[in-house]
Amino acid sequence: MRGEYIMEILLDKQTAVIFGAGRGIGQAMAQVFAEAQATVYVADIMLENAQILAQDIVDQGYKAVAVSCDVSDYESVDAVLEKAEKETGRLDIIINNAGIVTLDSFLETSQEDIQKLFNINLLGANNGMQAGIKRMRKYDKGKIINTSSFAGRHALPEGFSHYGMTKAGIIYLTQAGAYAGADYNINVNAICPGIIRSQMWEKILDSYAQAEQDREEAWRTSLKHFIPLKRGDQKPEDIAYTALFLASDLADHITGQAINVDGGAAMN
Ligand SMILES: NC(=O)c1ccc[n+]([C@@H]2O[C@H](COP(=O)([O-])OP(=O)(O)OC[C@H]3O[C@@H](n4cnc5c(N)ncnc54)[C@H](O)[C@@H]3O)[C@@H](O)[C@H]2O)c1
């Protein structure tokens, strides 16, 4: 964990299920939540990545379990939650972080890609919330966190159109989920990251540049173009720390919010 703080956030004895945790932002969330003493279920469609990460976390002396899951399938999502509940006797935190990006322009994006974006990004988050609230309500407490994006705050010109649509939808679903969870003390919030150089952004850079040199230039240009704050590159951990705060009892009175962690990319 980074730095030293007055407050230490601990999630000991809590169970956290993180969808899309096999790499990137989800991986950082799994690491940070494990360090905060939660038992972390690392759920991903790429099971091998989840297994390597869970083993690494266990080797550090923390608790993690790898599970295969396709978030676009409600039964698959619910099965992960059921497993976590059965094995630990509780379900405290769910993070709906799985996502994909497509980069064609609004007019050129295929029906197939739009459907895929919808199924994984939007329906995936919906599945985690619906199945999650149904399971969590008997405990009369819970924290659900969805990963949106600054692209969900306002349309971007560079071909993020249908991706942005799903991310805007996640913000709406977060508010709807917050209403649904409120009667059971279940908080539902979203985080809107800016630009993080994960495999997802590597894919975006692939489309911007052919040569390696161009690629680094494209990265610097992207930062300059999208992110006002000069320190620029965010790390996956920056998102994970906000998720940790939202999952803790320090955030008990925060619900239905979408929090920008993006260096100022979106200010609404
Ligand atoms: N990287 C960025 O700059 C950025 C910015 C804003 C928002 N986000 C969002 O953050 C989240 C994580 O992105 P990332 O950058 O770490 O990307 P990533 O591609 O590195 O990781 C995404 C993870 O989701 C998993 N996944 C994909 N489809 C799945 C499915 N159907 N079921 C289960 N798991 C699935 C992948 O296997 C992968 O492990 C995404 O929702 C993304 O849209 C990323």
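Side-chain atoms are counted along with the backbone in the values below, which use heavy atoms only and exclude waters and symmetry mates.
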Do the charged groups of [X] and [Y] touch, with an N to O distance under 4.0 Å?
{"X": "Asp92", "Y": "Lys141", "result": "yes"}
{"X": "Asp140", "Y": "Lys138", "result": "no"}
{"X": "Arg23", "Y": "Asp44", "result": "no"}

Indicate the atoms forming the closest heavy-atom contact of [X] with [Y], along with that distance.
{"X": "Asn49", "Y": "Gly22", "value": "CB-O, 3.5 Å"}
{"X": "Lys143", "Y": "Leu246", "value": "CD-O, 3.2 Å"}
{"X": "Pro228", "Y": "Gly263", "value": "CD-O, 3.2 Å"}
{"X": "Ile95", "Y": "Ala243", "value": "CD1-CB, 4.3 Å"}
{"X": "Gly194", "Y": "Ile227", "value": "CA-CD1, 4.5 Å"}

Would [X] and [Y] count as having a side-chain donor-acceptor pair, cut-off 3.5 Å?
{"X": "Gln31", "Y": "Glu35", "result": "yes"}
{"X": "Thr102", "Y": "Asp104", "result": "no"}
{"X": "Gln257", "Y": "Gln175", "result": "no"}

What distance do Asn260 atom CG and Arg153 atom CZ have between them, rounded to the nearest 0.5 Å?
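It comes to 4.5 Å.
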Flag yes if Phe19 and Ile144 sit in one hydrophobic cluster, no otherwise; membership is Ile, Leu, Val, Met, Phe, Trp, Tyr, and two members link when side-chain heavy atoms are under 4.5 Å apart.
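Cluster IDs for Phe19 and Ile144 match.
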Can Leu205 be reached from Ile100 by stepping across I, L, V, M, F, W or Y side chains whose heavy atoms are under 4.5 Å apart?
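Yes, same cluster.
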Report yes if the side chains of Arg90 and Thr39 come closer than 4.5 Å at any heavy-atom pair, otherwise no.
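SC-SC contact between Arg90 and Thr39 ruled out.
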The test is salt bridge (charged side-chain N to carboxylate O under 4.0 Å, His left out); show your working for Asp78 and Lys134 and say whether it passes.
CA-CA 10 Å; Asp78 196 44; Lys134 284 181 187 171; over 6 Å; no
Under the criterion side-chain hydrogen bond (donor to acceptor under 3.5 Å, both in side chains), which of Asn146, Thr255, Asn96 is the partner of Thr174?
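Result for side-chain hydrogen bond (donor to acceptor under 3.5 Å, both in side chains) with Thr174: Asn146.
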Those residues that, when tested against Lys13, pass side chain to side chain donor-acceptor pair (under 3.5 Å) (two or more places apart)
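Expected list: none.
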Please name all residues satisfying side-chain contact (heavy atoms from CB on, under 4.5 Å) with Lys83, sequence neighbours left out, ordered by chain then number.
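Counting only residues at least two positions away or on another chain, Lys83 forms a side-chain contact (heavy atoms from CB on, under 4.5 Å) with Tyr41, Val65, Val67, Glu87.
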side-chain hydrogen bond (donor to acceptor under 3.5 Å, both in side chains): pairs with one or both residues in residues 115-126, sequence neighbours excluded
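Every side-chain hydrogen bond (donor to acceptor under 3.5 Å, both in side chains) pair that includes a residue of residues 115-126, provided the two are not neighbours, is Gln115-Asn119, Asn121-Thr166, Asn126-Gln130.
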